[in-house]
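Working notes, structure below.
Both ligands and their constituent atoms are indexed starting at 1 by order of listing. Worth knowing before you read on, the calculation uses all heavy atoms, side chains too, and leaves out hydrogens, waters and symmetry mates.
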Amino acid sequence: MSTPSRSGVLGANVDTRVEKFTESVSFDRRLYAHDIVGSQAHARMLAKVGLISGDECREIEQTLSEIRQEIEQGEFHFDPALEDIHMHVEHALVERLGDVGRKLHTARSRNDQVSTDLRMWTREAIDTIDRRLADLMAALVARCERDEGVILPAYTHLRRAQPVLAAHAYLCHVERLARDRGRLADARRRVNVLPLGGGALAGTSLPIDREMVRRELEFDAVAANSLDTSSDRDFVAEVTFAWTMIAEHLSSWAEEWILWSTTEFDFLALPQEFCTCSSMMPQKINPDVLELVRGKTGRLVGNLMSLLTLLKGLPPAYNRDLQEDKEPLFDSFDTIDACLELAAAIVAGAELKQESIAERLEAGFLDATTLMEHLIGLGVPQRTAHHAVGSLVAMAAERGVALAELSLEEMRSVDPALAVLDERVFEFLGTRQAVAAFASFGSTSPERVAEQVTRWKQELGI
Ligand code: ARG
């Protein structure tokens, strides 16, 4: 068999530079198992509709299994002259079976074949990432129980804002990751549609049974328009976006934990096994893994941009540009897979520095909001209460004391709106009481957070 893409109307000679420029086997060999499983199902279907005999089908299936084994044992010879993984497998089959092997490509084009392979690969990749997401969520939920009752200052504009339970901060990431799982599950429905049978672009005149192939390869549906399916790479862009969004979430988590682990914050001790040293400064312990989790987001964004740019303006049906879809997809998968794995390990291994957090917890007037809301409860309009508490905070800051350290008389004297205060005000001051006061659904009080922890444990089955 001559180089398959050169058979037909073309002669055998190709410019020497073309081979290197056009080959994809260096990266699409990753699809070998999917290519072979897909070909085996295709052969069974050809036998069922009578396009090949039962014996031929068995020979093809058997030989494809042998080729698979050789690839897995590293004994298979790859040759860039054969372009891609599809050519390699088919070429090896023809070498071994002659004319019987030449029948496999009946009613099939590499255009529907590559898309089928890539969809099978992608749905597995989705499932792998889904498990990783579940593991990371479980690690965060486990921390909620380990650090039960610990209060942290939370920040807006990177300024101390309101107190939250550490568990509330962890569950913030759990919510984000749950949306990521939802996005992947949603995308999976569109991934899991069978292109095979679409042929090169117009379908086939042969009496194939696409429904059978769908069942055998566990697709949910059969693509209904051959022209569309031969070039549909929406799923590649969509899944890459979903993975990019995970990276965005992880980068935010990584940044939060990098800050928490600085001397300035001193909230968190990162597990030493996940830190590195400086080559010059002997005292330094650097959060390189977290920084790379944050930094690798750039790769995913870049890959997504590559894909969207690749697809723009392509005329319908297969164009060779589409071969460029695989490397960004594979790289995004590898990157997010590694990031998620390391994130789960860091979440499990880090320790909150509870004493250091507690030492400075009353700094920053984290109870100002609950005091204001107490005033609102006493009938003071929000804007008035906001202004009055602002004045009170300014006075306390000037004197270098916390709100709870002021006497009732001092408070009442600062602003006329504060005259409504009585002794009950002390039930709302201080960080722990402030946290307890944030009790509406979705807020950070211990009761609400405990409900959420229970919910996540049920959802994750932990
Ligand atoms: N290696 C190609 C790809 O990844 C396979 C499909 C080639 N089809 C073709 N008509 N040249 O897209």
Side-chain angles (χ1 to χ4, degrees), residues 1-15 17-39 42 64 67 71 76 78-94 102 104-125 191 193-204 223 226-237 239-240 303 306-333:
M1 191 162 134
S2 62
T3 307
S5 60
R6 301 292 298 171
S7 65
V9 295
L10 281 176
N13 295 331
V14 61
D15 187 291
R17 288 161 294 193
V18 170
E19 187 179 293
K20 185 159 178 272
F21 189 67
T22 59
E23 70 84 24
S24 57
V25 73
S26 53
F27 50 87
D28 69 12
R29 68 176 67 179
R30 198 162 173 164
L31 301 174
Y32 78 90
H34 309 89
D35 194 68
I36 287 173
V37 168
S39 285
H42 182 67
L64 285 172
I67 294 170
I71 296 176
F76 189 84
F78 288 99
D79 173 7
L82 289 170
E83 250 184 61
D84 58 26
I85 188 63
H86 325 292
M87 293 297 197
H88 275 78
V89 172
E90 192 187 347
H91 187 259
L93 189 74
V94 172
R102 286 191 184 89
L104 175 64
H105 213 50
T106 302
R108 185 176 82 171
S109 152
R110 273 188 297 159
N111 299 350
D112 51 350
Q113 185 180 355
V114 67
S115 176
T116 302
D117 294 359
L118 197 58
R119 284 168 186 269
M120 288 196 282
W121 181 90
T122 303
R123 69 189 182 188
E124 266 175 41
V191 172
V193 176
L194 176 73
L196 205 63
L201 68 90
T204 176
S226 58
L227 193 53
D228 169 48
T229 197
S230 61
S231 58
D232 171 13
R233 295 294 184 279
D234 299 7
F235 72 99
V236 177
V239 171
T240 303
N303 288 337
S306 295
L307 287 166
L308 293 173
T309 310
L310 174 71
L311 298 177
K312 180 200 169 290
L314 280 185
Y318 184 84
N319 294 273
R320 191 60 176 270
D321 314 45
L322 292 176
Q323 181 168 291
E324 290 286 312
D325 61 354
K326 288 168 208 63
E327 286 166 292
L329 180 71
F330 293 162
D331 183 67
S332 295
F333 168 77

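- The aromatic rings of Trp121 and Phe333 sit perpendicular to each other, their planes meeting at more than 60°, with 30° as the lower class boundary.
- With Asp84 as the fixed residue, the salt bridge (Lys or Arg N to Asp or Glu O under 4.0 Å) test singles out one of Arg30, Arg29, Arg110, Lys326: Arg110.
- In summary, the side chains of Ser39 and Arg108 do present a donor paired with an acceptor at a separation below 3.5 Å, with no hydrogens or angles considered.
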Report every pair formed by an N or O atom of ligand 1 and a protein N or O atom separated by less than 3.5 Å, giving atom names and the distance to 0.1 Å.
residue	atom	partner	partner atom	Å
ligand 1	1 (N)	Ser24	OG	3.3
ligand 1	1 (N)	Asp84	OD2	2.9
ligand 1	1 (N)	Gln323	OE1	2.9
ligand 1	4 (O)	Lys326	NZ	2.5
ligand 1	8 (N)	Asn111	OD1	3.1
ligand 1	10 (N)	Asn111	OD1	3.2
ligand 1	12 (O)	Tyr318	OH	2.4

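- In plain terms, the two heavy atoms of Ala92 and Phe76 that are nearest each other are CB-CE1, 3.7 Å.
- A donor-acceptor contact closer than 3.5 angstrom is absent between the side chains of Asp79 and His88.
- Using a cut-off of 4.0 Å between Lys/Arg side-chain N and Asp/Glu carboxylate O, Arg320 and Glu23 are scored as not salt-bridged.
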